[in-house]
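Throughout, a chain's letter reflects where its sequence line sits, starting with A, and its residues are numbered from 1. Predicted model, so just to flag it, every value in this text is computed and none were measured.
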Amino acid sequence: MARILITSAIPYINGIKHLGNLVGSQLPADLFARFNRALGHEVMFLCATDEHGTPAELAAAKAGKPVEAYCAEMHAVQAELARGFRLSFDHFGRSSSQRNHRLTQHFAGRLADAGLIEEVAEKQVFSIDDNRFLPDRYITGTCPNCGYTAARGDQCENCTKQLDPTDLINPRSSVSGSTNLEVRQTKHLYLRQRALKHKLEAWIDSKTDWPILTTSIAKKWLNDGDGLQDRGITRDLYWGIPVRKGDQPWPGMEGKVFYVWFDAPIEYIACTAEWADAHGLPDAAWERWWRTDKGAADVTYYQFMGKDNVPFHTLSFPATILGSGEPWKLVDYLKSFNYLNYDGGQFSTSQGRGIFMDQALEVLPADYWRWWLLSHAPESSDSEFTWENFQASVNKDLADVLGNLVSRVTKFALAKFGDSLPEGGSAGPREAQLETDLAARLRAYEGFMAAMEVRKAAAELRAIWVLGNEYLQAAAPWTVVKTDPEAAGAMVRLAMNLIRVFAITSAPFIPDASTAMMAAVKSDDWSWPHDLPAALRALPAGHGFAVPDNLFRKITDEERADWQVRFSGIRS
RNA sequence: GGGCCUGUAGCUCAAUUGGUCAGAGCAGGGCGCUCAUAACGCCUUGGUUGGGGGUUCGAGUCCCUCCGGGCCUACCA
């Protein structure tokens, strides 16, 4: 039994995430977690909300709430949606937790002790009317290069020229519109990533089995221009983790907080501590997942994220870990995803374009979305959601291939043999062939799942379902029953066992349907069919069963047309 | 500007280090079946793999170039 640590990139707190966010990290991570649990491995699957930073403060202000209350509310909302999508986190934490405060401060102290922190004096734009420093991109003005009037302080979106906020003509606060700005002197801590460049590079170079997407982004940042740059890890904000050197004050840094990207990945670790606290467990319980000197040497650590998160997970966070000089676990495999687009354009949180997690669940249950999203996961390139494709995939794969199979088997069995499995009959060459074919596909499925080849795994799973229909069609128990009821009975027994095996193997993708299938065959034995011949005999003659409601309903053309309109515009 | 990724049948996607790799699913066409959610099964029509050039006995697979799409470029996260 292996020990597997899985983290999903932690979603930002300022609003409900869209399906593109979901499929890029949390959903595939959940698939992998469920699969490994099903195999009997010891799994720790973690996620959290990423709560600090300017956008959270501004969103709270817009909502007219204190940022602490706003984040608490939004955390609850996101946790509820995670449950709705059946995301099986062992713990869904918060980067604002006291555990993360202490751990983040601890890492900063260790890095300082190691000589990897540098104080840098710099100038930053302060908005007097907003009473706050503004990040470069929160300053708007006219681009000196192209004259675009809505250029941001970090870069002009129109001509793509990189800018300094002081370059802007007629600069104003993006928050209030105020032009009452001034440049103020401030001081920040920088993590000396350059000092760790060679160590990071050697580590990345050793990861030859990572997705190209992952390593190419990491190498770009390592080697582009002047190479890896030092990074500021503090900000002049209210909402964040106060800058401290371990448990000591940090002279000169009063009133400042750590940069959200410094504390967010540390929350992976802190989240595990939160988990232990929630279960009344001692520190040793979470340390055995993270400290190689305290039991984590046999842990394999997998991270899941969208490509925009890759630099922070391949460079910044490892720099924190390596720089601490302490034996914390580094990621062993980093699975990254491209973006999911929506009907010809991008999902857009700001414009409300596309489907958001709450809306999706209002329209259809989680399994429908899980299946489509995972079977179309943007692994090799950006992929696209269209309602036509969604309707076709869901209706064909779920309703016709799988749902109808369960329906035809249970209804036929009930009509001809009553509500328990018939006796008699024996397996012949056709059944032996099915066992062989199914075993081969099952092995392929397991291989794709273990390799996190999400789309290929989905295709293989679908092919497994098809085997059930092919067998039934060839065996034709509805014909055989007229002349040889016992032979037909044996076919029904096998078909019912197939349903159970399909339920178990499909559960990582469609957990609710799997639960319904197991209820239909009245089984609670979820053990993985390592021994397929035995698994196909698990339900014996005389075992009860029930005809379930249809597992999946079909999406009508009218619904599809309605949803196309409903989700095309601005989110109300 | 620079870098990276990507462009394979109408659609969504596969094709170990270049060598039956030109495939699957859906859609389309034909046949069969009737247990089932007008479901299922079988057979089948589609591509000179974005254009052009090159390397090679042999290239979606390597090189050059052009065209199209996307991402990143470090103070949003």
Visitor: For A/Arg132, check side chain to side chain contact (heavy atoms under 4.5 Å, CB included) against everything at least two apart and list the hits.
Guide: A/Thr54, A/Glu57, A/Leu58, A/Asp130, A/Leu134, A/Leu237

Visitor: Can you run down the salt bridge (charged side-chain N to carboxylate O under 4.0 Å, His left out) pairs that involve residues 228-240 of chain A, sequence neighbours left out, and say none if there aren't any?
Guide: A/Arg194-A/Asp230, A/Asp236-A/Lys256

Visitor: Output one line per pair: protein atom, nucleotide atom from nucleotides 62-64 of chain B, and distance, for all N/O pairs under 3.5 Å.
Guide:
none

Visitor: Under the rule for salt bridge (charged side-chain N to carboxylate O under 4.0 Å, His left out), what residues qualify as partners of A/Asp167, not counting sequence neighbours?
Guide: none

Visitor: C1' atom, B/rU17 versus B/rC13: distance in rounded Å?
Guide: 23 Å

Visitor: Could you spell out the base pairing of RNA chain B in dot-bracket, with Watson-Crick or G-U pairs whose two distances are under 3.5 Å, [ ] crossing and | to another strand?
Guide: (((((((..((((.....[...)))).(((((.......))))).....(((((..]....))))))))))))....

Visitor: In residues 402-415 of chain A, which residues come under 4.0 Å of RNA chain B by heavy atom?
Guide: A/Gly403, A/Asn404, A/Ser407, A/Arg408, A/Lys411, A/Phe412

Visitor: Got a donor-acceptor contact below 3.5 angstrom from the A/His75 side chain to the A/Cys71 backbone?
Guide: no

Visitor: Give me the residues of residues 440-460 of chain A where at least one heavy atom lies under 4.0 Å from an atom of RNA chain B, by number, or none.
Guide: A/Arg455, A/Lys456

Visitor: What pairs of residues pass the salt bridge (charged side-chain N to carboxylate O under 4.0 Å, His left out) test when at least one of them lies in residues 304-319 of chain A, not counting sequence neighbours?
Guide: A/Lys307-A/Asp382

Visitor: Tell me which pairs pass salt bridge (charged side-chain N to carboxylate O under 4.0 Å, His left out) where either residue lies in residues 455-473 of chain A, with sequence neighbours left out.
Guide: A/Glu379-A/Arg455, A/Asp397-A/Arg462, A/Arg441-A/Glu460

Visitor: For residues 485-494 of chain A, which residues have at least one heavy atom under 4.0 Å from RNA chain B?
Guide: none

Visitor: Does A/Phe552 have any ring pair (Phe, Tyr, Trp, His ring centres under 6.0 Å) partners at least two apart in sequence or in another chain, and if so, which?
Guide: A/Tyr368

Visitor: Quick one: which protein N/O atoms are closer than 3.5 Å to N/O atoms of nucleotides 29-32 of chain B? Pair and distance per line, please.
Guide:
{"from": "B/rG32", "atom 1": "N2", "to": "A/Gln473", "atom 2": "NE2", "distance (Å)": "3.1"}

